Number of protein chains: 2
Amino acid sequence: MTARTSTDSARDIPEATVARLPVYLRALVGLAEAGTATCSSEELAAAAGVNSAKLRKDLSHLGSYGTRGVGYDVEYLRYQIAREIGVTQDWPVVIVGIGNLGHALANYSGFRSRGFRVVALLDADPERHDELVAGIDVRPFDDLESIVADQGVAIGVIATPAVAAQAVADRMVAAGITSILNFAPTVLAVPEGVDVRKVDLSIELQILAYHVQRKAGTTLADDIDRLDGQLDDEEVTA
Amino acid sequence: MTARTSTDSARDIPEATVARLPVYLRALVGLAEAGTATCSSEELAAAAGVNSAKLRKDLSHLGSYGTRGVGYDVEYLRYQIAREIGVTQDWPVVIVGIGNLGHALANYSGFRSRGFRVVALLDADPERHDELVAGIDVRPFDDLESIVADQGVAIGVIATPAVAAQAVADRMVAAGITSILNFAPTVLAVPEGVDVRKVDLSIELQILAYHVQRKAGTTLADDIDRLDGQLDDEEVTA
DNA sequence: CCGAGTTTGTTCTCCCGTTCACAAACTCCT
DNA sequence: AGGAGTTTGTGAACGGGAGAACAAACTCGG
């Protein structure tokens, strides 16, 4: 085992690996609940839906937590990954925009069980204030700064309509939030050092649609579209 | 301009490009609504939040739709991208699992305006049947096969709890659905040729948490965790 | 018509991530 | 103790995508 100082734990883990660590963590929790004490890279990889070589290389970035000829101790590895991600204790999170999606997010039990605690629900609309959602009452958006400061919030979730998203992000950043999960269908501009992850439902569907179209081959509708396209083309370039 | 036959339009567009086309499409819609008739790759790239060289390379995979020295015609390019993705006409979509998230998805207006039409909401729980959500009544999950067959549905959305997701996916595939958008926190096993895209809220937050932890540097809590880790380590490997 | 300015499409190079393949290290059985 | 069987961790080859840089192609003013 390599001794780890407080500095070398900060060495760079590839972004692609970081994105998969939560998947491994969830697979390990599943194995632990099923009563499995030990697992091979092959088993864990199958549970996580990835290649076993990739899994081993990913884990090797964290350290040498397996035993050759044996495999990985499920509980031990689970803890090490949780520690590396930083979800051994809960992160406070604020959700802004309590529409349909905001409701769903507030009620999502997976947050609490996976390292996050929703400390506040905010909405600009006074109609929604003091409404109780998932046991938390909705407060004015203007309370953002005080909540962030009091609770040490670093992560914010934007579930507002697209037009409001940039303004919300600006206020979040000014209040001290450094990481944003954005559900609004907009590209957010944020200063250097602020992380934004975007979840866009329509885009996911559109990517699927492209592949459906590809798999289906050329359909009649496509042919008509293509003809239209060529006509347009001529009009424009002629 | 290269002439396009019906076969060469099926040539391979890199996956990374496919994932960005919907972003460009949305940016173009925004520009069109703002009354812009023409835009340069630099302007469009800024609106989409990407590098202009990357944008030009992406668009070059579709064909030569710009004019050197001028830029791109907004409406024309918008149509070409929509056609390439396949969202010039609406795709029928079924949503399974009408809990909090299912409600939010059913009510999401962005689907309709971006090439998708929710044709059915399904839930296994009889308590929910005939409830009206977003103007569509919730039907039994067992109606899946007939709906898929009647409406020619190729895309399914899974918004059920994790335990039900695999069974739902299996039924979807058997019914003829070839593309699945999965919101349940599970790895789905599907046959070759079926596309699955996964949206996992906890995982997105955990990725953010990792970066917050990195940015914050080593905290006291981390040190305690690390000590714990080393103790565990000794226990296990001793 | 011609030259200066602008913008696209493409080539080239570099880097990150994936996968293969194997040595190192461990267990178990004889 | 020793050899056969397993499984991890990693070096090396490979493929794809990102970005820089430039030639080709267009506009516009004189």
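A note on names: the letters A, B, ... follow the listed sequences, proteins ahead of strands, and every chain is numbered from 1. Small disclaimer: the values here were computed from a predicted structure and weren't measured.
A/Trp91 and B/Ala209 get closest at one heavy-atom pair: NE1-CB, 3.6 Å. A pairwise comparison of heavy atoms in A/Ala48 and A/Val23 identifies O-CG1, 3.6 Å as the closest pair.
A/Arg68 has its CZ atom 8 Å from the C1' atom of C/dA23, to the nearest Å. Atom C1' of nucleotide C/dT8 and atom CG of B/Leu77 are separated by 12 Å, given to the nearest angstrom. Rounded to whole Å, the distance from NZ on B/Lys57 to P on C/dC14 is 14 Å. C/dC16 atom P lies 15 Å from atom CZ of A/Arg20, rounded to whole Å. As rounded to whole Å, 14 Å separates atom C1' of C/dT10 from atom CG of B/Leu55.
Among the protein residues, A/Glu42 comes within range of no part of the nucleic acid, since none of its heavy atoms lies under 4.0 Å from any strand.
When distances run from any side-chain atom of A/Pro14 to the nucleotides C/dT8, C/dC20, C/dG17, the shortest one goes to C/dG17.
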So A/Tyr79 and A/Arg83, side chain to side chain donor-acceptor pair (under 3.5 Å) or not? Walk me through it.
-> CA-CA 6 Å; A/Tyr79 178 76; A/Arg83 184 174 62 73; 5.0 Å; no

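Where A/Tyr72 and B/Glu15 meet DNA chain D, the nucleotide closest to each residue was compared, and A/Tyr72 sits on the side nearer the 5' end. DNA chain C is contacted by both A/Ala16 and B/Ser41; B/Ser41 maps to the nucleotide lying nearer its 5′ end (nearest heavy atom per residue).
With respect to A/Lys198, the side chain to side chain contact (heavy atoms under 4.5 Å, CB included) criterion is satisfied by exactly one of A/Ile203, A/Thr186, A/Ile180, A/Leu181: A/Ile203. Just one of A/Val157, A/Leu105, A/Ile177 meets the side chain to side chain contact (heavy atoms under 4.5 Å, CB included) condition when paired with A/Val93; it is A/Val157.
At least one side-chain heavy atom of B/Val87 sits less than 4.5 Å from a side-chain heavy atom of B/Phe116.
Boundaries of the chain B contact region on DNA chain D are D/dG17 to D/dT27, first to last in 5' to 3' order (nucleotide atom under 4.0 Å from a heavy atom).
B/Arg56 has no side-chain polar atom (N or O) that falls below the 4.0 Å cut-off from OP1 or OP2 of C/dT11.
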